[in-house]
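Quick note: numbers below take in every heavy atom, side chains included, and nothing from hydrogens, waters or symmetry partners. First listed ligand is number 1; within each ligand, the first listed atom is number 1.
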Amino acid sequence: MKTHSIAVLPGDGIGPEVIAEAERALEAAGDRFGIDFTLRRFPVGAAGVAAAGDPFPEETRAAVARADAVLLGAVGDPALDQAPRHLRPESGLLALRAQLGVYANLRPVAVFPALVDRSPLKADRLEGVDVLIVRELTGGLYYGEPRGRDAGGAAAVNTLRYTAAEIKRVARVAFEAAQRRRGHVTSVDKANVLEVSQLWRETVARVGRDYPDVRLDHLYVDTAAMRLVADPRAFDVLLTENMFGDILSDEAAVLVGSLGLLPSASLGEGAGLFEPIHGSAPDIAGRDVANPIGAIATVALLLRHGLGLAEPAGAVERAISLALEQGARTRDIAESGAPALGTREMGERIAGLIAQERQSRASVAP
Ligand code: IPM
Ligand code: MN
């Protein structure tokens with residue numbers, strides 16, 4: 001039997017706890033659909049610094065280069081906040097994204113009907129919200145040179161630079177996604193002020209001509225930030241650059257009720273990188289209270305976009321929805337004072353539902 005080889009990078013903080021539940025879900029899907037996964041773990045982030053003095057150690061680099069897909073937990077550790085840049089956990093993540101060349105970061109934000117009352121926004125604005133954020137991931141301010149502090153330290157510089165080629169390839173991902181969805185792309189920029197955004201807007205418009213079936217409009221990022229919470233149903237695919245996408249995706253998490261619910265897929269030419277959008281949450285690490293749903297939903301994206309396995313991906317997503325409909329809640333999405341499941345219990349509940357679908361499928365088979 002062919003095996004899919006997955007490099008698993010649990011990382012820091014709550015990363016290892018939520019990744020253990022993601023692995024449980026992957027194994028449940030593998031059992032049910034007769035798919036073999038080989039999961040191997042490697043350190044990244046502060047865990048990489050602890051193991052090998054490098055947030056993206058050589059051993060991890062080599063493993064990632066060989067893998068069919070990469071599953072990541074989270075990176076970040078306040079103990080390294082003052083460390084030089086090459087030793088910061090986040091530098092490891094940026095190097096990982098650059099090595100894989102994963103320029104398109106897909107962040108689907110769909111409201112679970114069972115959780116509409118968990119968002120601080122009014123329920124009538126949230127029903128039916130289903131936004132796909134397409135964030136450019138390997139360019140812009142995160143990677144631009146020159147960068148750094150001036151000699152005296154009293155000034156600093158980062159560089160926002162995009163080429164038309166970088167904009168084009170991520171725009172194509174957004175338009176193609178829109179064709180499979182509701183046929184609408186909203187491109188977000190700051191073209192009233194930034195030359196880079198003017199290039200962004202022109203290039204996206206030009207790419208859009210190849211997709212006459214997709215409606216394209218443009219919003220300035222400040223307006224987009226407001227509209228995302230005021231009228232979230234106005235969005236289908238939201239296409240934007242690296243830094244704006246980072247900010248808008250955390251904002252979008254408010255729509256679904258918790259950052260702990262959201263997955264992401266980062267795609268390029270080769271193997272994809274799959275990670276929940278939440279961070280390492282050091283304040284709750286090691287206490288079995290983190291929500292594993294973002295990591296488990298990430299497994300669904302890994303199956304679908306990383307390995308082309310749509311059917312098991314759907315089974316994982318249905319199991320998550322079903323667990324929520326049945327009332328399963330971790331602390332972040334429970335009503336205040338109500339009892340909540342731990343990370344592990346939630347993971348077991350969902351894995352059980354993934355496995356169980358087999359029986360219901362078998363019982364309807366002719
Ligand atoms: C994210 C995170 C990362 C980012 C950090 C940890 C570097 O916030 O994936 O959204 O800014 O891209
Ligand atoms: Mn972020």
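- Residue E275 has no N or O atom closer than 3.5 Å to an N or O atom of ligand 1.
- Formation of a donor-acceptor pair under 3.5 Å by the T163 side chain with backbone atoms of E166 is found in this model.
- Scanning the protein for heavy atoms near atom 3 (C) of ligand 1, the closest one is R97 NH2, 4.0 Å.
- From the protein, the heavy atom lying nearest to atom 7 (C) of ligand 1 is E90 CG, 3.9 Å.
- For a distance bound of 2.8 Å, the N, O or S atoms of D246 include one lying that close to the Mn ion (ligand 2).
- For ligand 1, the atoms sitting less than 4.0 Å from at least one non-hydrogen atom of R107 are 1 (C), 9 (O), 10 (O), numbered in the order shown with element in parentheses.
- Of the heavy atoms in M243, none comes closer than 4.0 Å to ligand 1.
- Contact annotation: R135 has at least one heavy atom less than 4.0 Å from an atom of ligand 1.
- The existence of a salt bridge linking R24 and E27 is excluded, since no basic side-chain nitrogen approaches an acidic carboxylate oxygen closer than 4.0 Å.
- Relative to the ring axis of F235, R215 does not place its NZ or CZ within 45° and under 6.0 Å from the centre.
- Contact annotation: for H278 versus ligand 1, there are no heavy atoms closer than 4.0 Å.
- Of the inter-residue distances, the one linking L115 atom CG with I333 atom CD1 reads 5.0 Å to the nearest 0.5 angstrom.
- The existence of a salt bridge linking D236 and R181 is confirmed by a sub-4.0 Å separation between a basic side-chain nitrogen and an acidic carboxylate oxygen.
- For atom 11 (O) of ligand 1, the nearest non-hydrogen atom of the protein is Y142 OH, 2.6 Å.
- Between D77 and R88, no side-chain nitrogen of the basic residue sits less than 4.0 Å from a carboxylate oxygen of the acidic one, so the salt-bridge criterion is not met.
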- Message: Test side chain to side chain contact (heavy atoms under 4.5 Å, CB included) on S187 and L216; report intermediate values, then the result.
- Response: CA-CA 7 Å; S187 175; L216 168 65; 4.2 Å; yes

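- Taking atom 2 (C) of ligand 1 as the reference point, the nearest protein heavy-atom neighbour is D246 OD1, 4.1 Å.
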